[in-house]
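Order of appearance sets the numbers: ligands from 1, and atoms from 1 within every ligand.
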Amino acid sequence: MSENGTFPRMTGTEFIPEWFENVSVNRSAAERRAASLPGRRTVKKDHQAAWLARAITCIDLTTLAGDDTAGRVQRLCAKARHPLRPDLLAALGLDALTVGAVCVYPTMVPHAVKALEGSGIPVASVATGFPAGLTPLPLRLAEIRYAVDQGATEIDIVITREQALTGNWAALYDEIRQMREACGDAHMKAILATGDLKTLTNVYKASMVAMQAGADFIKTSTGKEEVNATLPVSLTMVRALRDFGDRTGQWVGFKPAGGLKTAKDAMNWLILMKEEMGSRWCMPDLFRIGASSLLGDIERQLEHHVTGRYSAANRHALA
Ligand SMILES: O=C[C@H](O)COP(=O)(O)O
């Protein structure tokens with residue numbers, strides 16, 4: 001970690017199949033552990049309002065729809081700057097709060113950059129033929145460069161699922177490595193589209209390959225697969241990133257995305273991160289939640305806490 005407490009951009013490693021080729025993930029053990037998470041008291045009920053405020057700071061507030069317009073992106077960015085009503089913010093004892101980033105399609109990046117000027121909120125762009133990733137590699141690399149040129153400082157790439165499904169890990173590594181280079185100084189999040197990968201073993205291996213290739217974050221899903229973020233898949237990815245960090249000292253971030261809509265979802269994923277990785281992994285430089293419609297429910301729950309039983313003394317969970 002650097003002196004100011006932030007993590008540098010990842011460099012990855014060479015391709016090292018020995019780190020994953022003999023791994024076999026036990027699905028029922030992962031499912032049992034994942035099923036126990038929602039009932040855990042790691043994030044205490046009394047402190048939930050503060051944890052929900054924390055969750056907001058970790059949201060990649062997203063719009064990825066065919067009918068996106070400059071106007072919609074501007075409204076999203078206004079929400080990103082002020083995700084909570086002033087009275088809720090005051091009741092939480094906070095002066096200001098913003099989301100982690102805004103995530104849009106490449107052609108929407110200039111609108112987001114303009115709307116977020118001076119806010120410090122990063123603009124993330126999906127790229128590489130999102131969501132399927134089946135355009136030719138030179139076009140996918142050019143799309144990354146386009147988004148970076150337009151001002152995106154975070155790029156969410158998608159992997160070629162075929163390479164994972166056929167066990168062509170060296171090809172997957174090479175492709176992601178080229179994407180890493182095309183990103184330049186922008187942070188790269190590698191979307192594994194885990195709903196397409198069939199097994200948790202493939203999820204573990206794809207996670208490890210993406211990190212070896214230099215991903216700054218590994219991300220579960222595009223939001224467009226039939227199955228998106230789940231707790232067993234997330235547990236598998238988080239354990240892969242822990243193994244990678246133990247081996248290399250490079251601590252990669254995690255981004256669950258797709259279908260996360262409720263405050264309870266946000267709490268479950270924060271519990272997962274806190275239990276598996278510790279509180280440091282509940283901060284936006286190492287944890288993001290990709291979501292288009294989560295914020296509304298968090299606001300509703302916070303309103304309930306604030307007007308009901310929330311006590312300002314609980315805000316230490318934000319410290
Ligand atoms: O990366 C973010 C996802 O596309 C968001 O998915 P969602 O619309 O299901 O929240």
Below 4.0 angstrom from a heavy atom of [X], which ligand 1 atoms are there? Numbered from 1 as shown, please.
X      : value
Leu64  : 4 (O)
Ala257 : 1 (O), 2 (C)
Gly258 : 6 (O), 9 (O)
Ala291 : 10 (O)

Practice problem: Specify the closest pair of heavy atoms between Glu143 and Gly129, including all atoms of both residues, with the distance to one decimal. | Solution: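 So the two residues come closest at OE1-N, 2.7 Å.
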Practice problem: Please work out whether the ring planes of Phe254 and Phe287 are parallel, tilted or perpendicular, with thresholds of 30° and 60°. | Solution: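 Parallel.
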Quiz item: Between Phe130 and Tyr105, what is the ring plane arrangement, given parallel below 30°, perpendicular above 60°, and tilted in between?
Solution: perpendicular
Quiz item: Looking only at protein heavy atoms, which one is nearest to atom 8 (O) of ligand 1, and how far off is it?
Solution: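 I find the closest protein heavy atom is Ser292 OG, 2.5 Å.
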Quiz item: What's the shortest distance from atom 5 (C) of ligand 1 to any protein heavy atom, and which residue and atom give it?
Solution: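 Protein heavy atom at minimum distance: Gly290 O, 3.9 Å.
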Practice problem: Please say whether Lys261 places an N or O atom under 3.5 Å from an N or O atom belonging to ligand 1. | Solution: no
Quiz item: Do any nitrogen or oxygen atoms of Gly259 come within less than 3.5 Å of a nitrogen or oxygen of ligand 1?
Solution: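 Checking ligand 1 against Gly259, an N or O pair does fall under 3.5 Å apart.
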Self-check item: Within reach of ligand 1, part of Thr222 (heavy-atom separation under 4.0 Å)
Solution: backbone
Quiz item: When you look for heavy atoms under 4.0 Å from ligand 1, do you find them on the side chain of Lys219, its backbone, both, or neither?
Solution: side chain
Self-check item: Residues forming a side chain to side chain donor-acceptor pair (under 3.5 Å) with Arg33, sequence neighbours excluded
Solution: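 Checked Arg33 against side chain to side chain donor-acceptor pair (under 3.5 Å); matches are Glu275, Glu276.
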Quiz prompt | Option passing side-chain contact (heavy atoms from CB on, under 4.5 Å) with Met179 (candidates Asp174, Val158, Ile157) | solution =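 Among Asp174, Val158, Ile157, the one meeting side-chain contact (heavy atoms from CB on, under 4.5 Å) with Met179 is Ile157.
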Self-check item: Test applied, side-chain contact (heavy atoms from CB on, under 4.5 Å); reference residue, Trp281; option that passes from Leu241, Val238, Leu272
Solution: Leu241
Quiz item: Hey, is Cys103 one of the residues with a heavy atom under 4.0 angstrom from ligand 1?
Solution: no
Exercise. Could you list all the salt bridge (Lys or Arg N to Asp or Glu O under 4.0 Å) pairs where at least one residue sits in residues 224-237, not counting sequence neighbours?
Key: Arg161-Glu225
Self-check item: Exercise: do Asp196 and Thr194 side chains pair donor with acceptor under 3.5 Å
Solution: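 There is no such pair (donor and acceptor under 3.5 Å, judged by atom type) between the side chains of Asp196 and Thr194.
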